[in-house]
Structures are given as C-alpha cells and as structure tokens.
Amino acid sequence: MTAQTIRNSTAVWRAADTRHHLHPFTDFKGLAEEGGSRIITKAEGVWLEDSEGARILDGMSGLWCVNVGYGRERLAKAAYEQMQALPYYNTFFKSATPPSIELSEKLAALTPEGLNRVFYASSGSEANDTIARMVRRYWALAGQPERRNIISRHNGYHGSTMAAASLGGMQPMHDLDGLPLPGFHHVRQPYWFGEGGDLSPAELGLAAAKAVEDKIQELGPETVAAFIGEPIQGAGGVIIPPETYWPEVQRICKAHDILLIADEVICGFGRTGHWFGSNLYDIEPDMMTLAKGITSGYLPLSAVMVGERVAEMLWSEGGEFAHGFTYSGHPVACAVALENIAIMEEEKLVERVHDDTGPYLQQQMAGLADHPLVGEVRGVGFIGAVELVCDKASRGRFNPKGRAGTLCRDHCVKIGVVSRAVGDTMVVAPPLILTRDEADELVKRLRLALDRTAADLNIK
C-alpha cells in the first residue's frame, strides 16, 4: 500500500474532517461521536459513490439542486472553456461579461412575463437578502418609506443569513441568535395534513390566505412592503398548498398594493414539471428568487428576477443601488448556467417530468400510503413527501417530534438511498433524469426503510 493510498483513506479523511471542518446545520459533537462523515467521492447520473465503494441512489438531487444529474461533461467543458477565456471579472465597475449578459437575456425569456431584469448573487440566501433590500429601496423611492414590513410563513425557508433567516419562519434558526430582525413577520402555512384539523383542503387554503390579510390589517397596509413565499415549501417538508391558496394570496396582495415575491430556489428549473412553480400555480410575481437548479449545483449561482414595476423605479429614480457581491454575475457560473439550461431544453427534461416520469414517480410513491407508518403521501413532479404517523385515523404524531423521521433517515443511509427527514416527514426530490426503473428502485428502498422503522417503533 502506497503512502498516497494510506493518506486517501476513509479513516484519514474522517479524522481530518472531524478536526477541521464545521458542517452546516450539524451537531458538530454528535457527528464526531457517530464516527464522522460519510465521504462522497464520485457520482454519475443519479448515483453517488462513497469512499468505501458503496453506491447510493440520490433521492435529493444533492440539496434539491442537481437537476440534470451528475457527471455532465458538457458542464465541465463549459466551465473549462470560460475559465480559459475569462475566469473572472466583476460587474461593479460599469463592466459586464458575455455570459452574464447572455444568461440575463435567457432568464428574461424563460421566467414568467414581466420579469425582465436580473441581479446576480451566489446563493439563495444572498438573493433573498438582496430582495429584502431592493423591496425597501423601491418603497422609499416611491415616497412610502414606512412600507418596510415583509410577511412570510411559519416554516418557510428563504436562507440562513441574518436577513434571509428572518424572512424564513424556521423557529430553530430564529432561536439561534434572536431573530427575526425587525420588520419581518410570519403567518400560518397552508399545511393541510399537519394543521388542517376538520377543514377541507380548500377551506384550509383559504384560511391560510386569510392569515396573510389579517397580518396586513394588523400591521397596517400602509406599512407592508411585500409577501414572500415558496410556491411549494421545500425544506419545510414539501408543503403543497391547496388549489385555493395562491389565487387568494395573489388577490390579497393586489388589493393592498403589496409586492408579491416567489422564492423559486427549490421549485425552479423543472422540479414541479413546469419551468417554475409560478407557472404551476399561475403566480404573477413582482420578483422571483432563483438558485440551485440554475446550474444544477455544478457551480454556485443565484439570481433575483425583477419585474418592470420595481425595475423601472430603481432605474429611473434610484441612482446607485449600494449593494452587491464580488461574485455577482461570475462569468464561469453564468456560462455553466447557460449550458445547463440548454441541456434541459434539448433533452426536454421539464416536459419529461410533466408528462412521463413525474406522474410515474408520484404513482409509485402513492403506493406507500398503505404502509402502517404512513399518514399521507403527497407530491408534484419530482418533489414528494411521506408523512410518518403513529396513528393513521387521527394523524397522530410521534413524541418526541422527529423520532420516526430520524430512524427512517438512518435506515435510508444504510440501505443506500438519500431521503431527507423534516421532523417526521420523509422528503424526496431526485434528479430530473431519473428513469422509471430508478424510480421503482427509489420507492423500493424507501419502503424497506419504512419497514425497518416500523419494526423499531413496534408499529404493525
């Protein structure tokens, strides 16, 4: 065995990782006590490979992002060629690069009508920070500087920076350091299974929308700048809103002249079988957040799509917009995004998820509803959730919360499939290239994990 082989071993990597690497959203001590990280070394298509040679079906597209799958040589080549031509230049000093210009033009054509201007960042968190500042800047220029309040939803996720975490409604994130910041407010989510009670889904959708209007009235319409929401809440547990929800929210925002923002970080670029979740729900946003699938995760890139109402005010009245990032419009990331979109169009991945593999995956997932541990299965396109319950009839939950989900997630790891646990909800979002055979394998492994979890919990 060579010195290099010994150096590049699982044990050595795990030890170095434990000594030096602080992982996001991780109990650092707990991870070390479990023996350290799983080391992922390779990937192809929808399959990962770890440092021990185990193959793992990636049911989460990395982190909701690897839409075109792993191992795309075209994306590596696009990055290489752009790095040779121009590896980096900023967009601060009255400068631009061809990839940033061409991607802006492409995104304006691809996104819903009226979203014609683009502001770039590197992550969804940065993009949503940008939106918070841009929204408040818009209202100040419009002569209504008191409009600073932004409304979002409990359990919504919009990132983890101070402003983005304040936009989101994740209580553990708020508890970490006293968030939300002033001016950020939260209302109930359109979560029928968890919070619907005796209401029908349609009634719950209207009730959740009314909570938006009630908050507007509580704060005073003249103080409210915007409402932001994910078309489908992803990290919150794949909360699919009833069909009554988004039309009513949109009506309310228009009635009170409030900007409507669609956070498409997870739903965008084909996840729902439409290019964007806004297409699915006929949302007409004033602004839109893009990230993740824009490059299929191959390089960090995010974008804020800005509608004409806001853009015109910033353009004609705003002067310098004192905000931006070193990597805004990074030429290599933009080149990869353009190639990623080209692949999706050429292979008709969105159409395939809409017409073929998406309905098939949802049909196969629905078969899990007969499992004694499962209270509900829901999904759209290539995003889905399985609710774990201790009692089907009452939708009874486990105590403590997350007990069943943690067990099931750990069984998934052992079985060789990635599914994320959000409390006691197992969620999936596989790459858009997933075939029918791979969908069968994904569901087969999920069922086995459910069986083992049920045995642990003595659920029959």
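The structure presented is a predicted model; accordingly, all values stated were derived computationally and were not measured.
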Minimal non-hydrogen separation, [X] against [Y], with atom names:
| X | Y | answer |
| --- | --- | --- |
| L110 | F276 | O-CE1, 3.5 Å |
| C412 | A449 | SG-CB, 3.7 Å |
| I266 | R271 | O-CB, 3.4 Å |

Can you confirm whether the side chains of [X] and [Y] place a donor and an acceptor under 3.5 Å from each other?
| X | Y | answer |
| --- | --- | --- |
| T425 | R420 | no |
| N155 | H186 | no |
| H158 | S152 | no |
| S278 | E264 | yes |
| T295 | N340 | no |
| S51 | T10 | yes |
| H371 | D451 | yes |

Check your understanding: Would S122 and H330 count as a side-chain hydrogen bond (donor to acceptor under 3.5 Å, both in side chains) if you check the C-alpha gap in whole Å, the side-chain angles of each, and the deciding distance to 0.1 Å?
Key -> CA-CA 8 Å; S122 297; H330 194 290; over 6 Å; no
Would you say that [X] contacts [Y] through its side chain, given a criterion of any heavy-atom pair below 4.5 Å between the two side chains?
| X | Y | result |
| --- | --- | --- |
| L442 | D440 | no |
| V389 | K392 | yes |
| S200 | E203 | yes |
| I131 | R133 | no |
| T161 | N128 | no |
| T357 | F382 | yes |

Practice item. Could you go through the salt bridge (Lys or Arg N to Asp or Glu O under 4.0 Å) check for R55 and E49 one step at a time? Key: CA-CA 5 Å; R55 295 183 77 235; E49 185 176 319; 5.6 Å; no
Is a side-chain donor or acceptor of [X] paired with a backbone partner of [Y] at a separation under 3.5 angstrom?
| X | Y | value |
| --- | --- | --- |
| S328 | F325 | yes |
| D129 | A164 | yes |
| R445 | G416 | yes |
| D58 | L48 | no |
| E230 | Y157 | yes |
| S61 | A429 | yes |
| S125 | S160 | yes |

Any ion pair linking [Y] and [X] (charged N to carboxylate O, less than 4.0 Å)?
| X | Y | answer |
| --- | --- | --- |
| R436 | D356 | yes |
| E213 | K210 | no |
| E284 | K254 | yes |
| K444 | D437 | no |
| R395 | E387 | no |

Exercise for review: Please step through salt bridge (Lys or Arg N to Asp or Glu O under 4.0 Å) for the pair K29 and E34, ending with a clear verdict.
Suggested key: CA-CA 9 Å; K29 182 180 178 182; E34 290 175 14; over 6 Å; no
Practice item. Scan residues 407-417 for pairs that pass side-chain hydrogen bond (donor to acceptor under 3.5 Å, both in side chains), counting only residues two or more places apart or in two chains. Key: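 Checked against side-chain hydrogen bond (donor to acceptor under 3.5 Å, both in side chains) - neighbours excluded - the pairs reaching residues 407-417 are H411-D456.
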Check your understanding: Could you go step by step and tell me if R72 and E347 meet the salt bridge (Lys or Arg N to Asp or Glu O under 4.0 Å) rule?
Key -> CA-CA 13 Å; R72 291 284 191 162; E347 298 182 7; 2.7 Å; yes
Review point. Between H154 and H174, does the ring centre distance come in under 6.0 Å?
Key: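 For H154 and H174, the ring centres are not under 6.0 Å apart.
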Exercise for review: Answer with yes or no after comparing the ring centroid distance for Y120 and Y327 against a 6.0 Å cut-off, counting only values under it.
Suggested key: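 Centroid distance Y120-Y327: not below 6.0 Å, so no.
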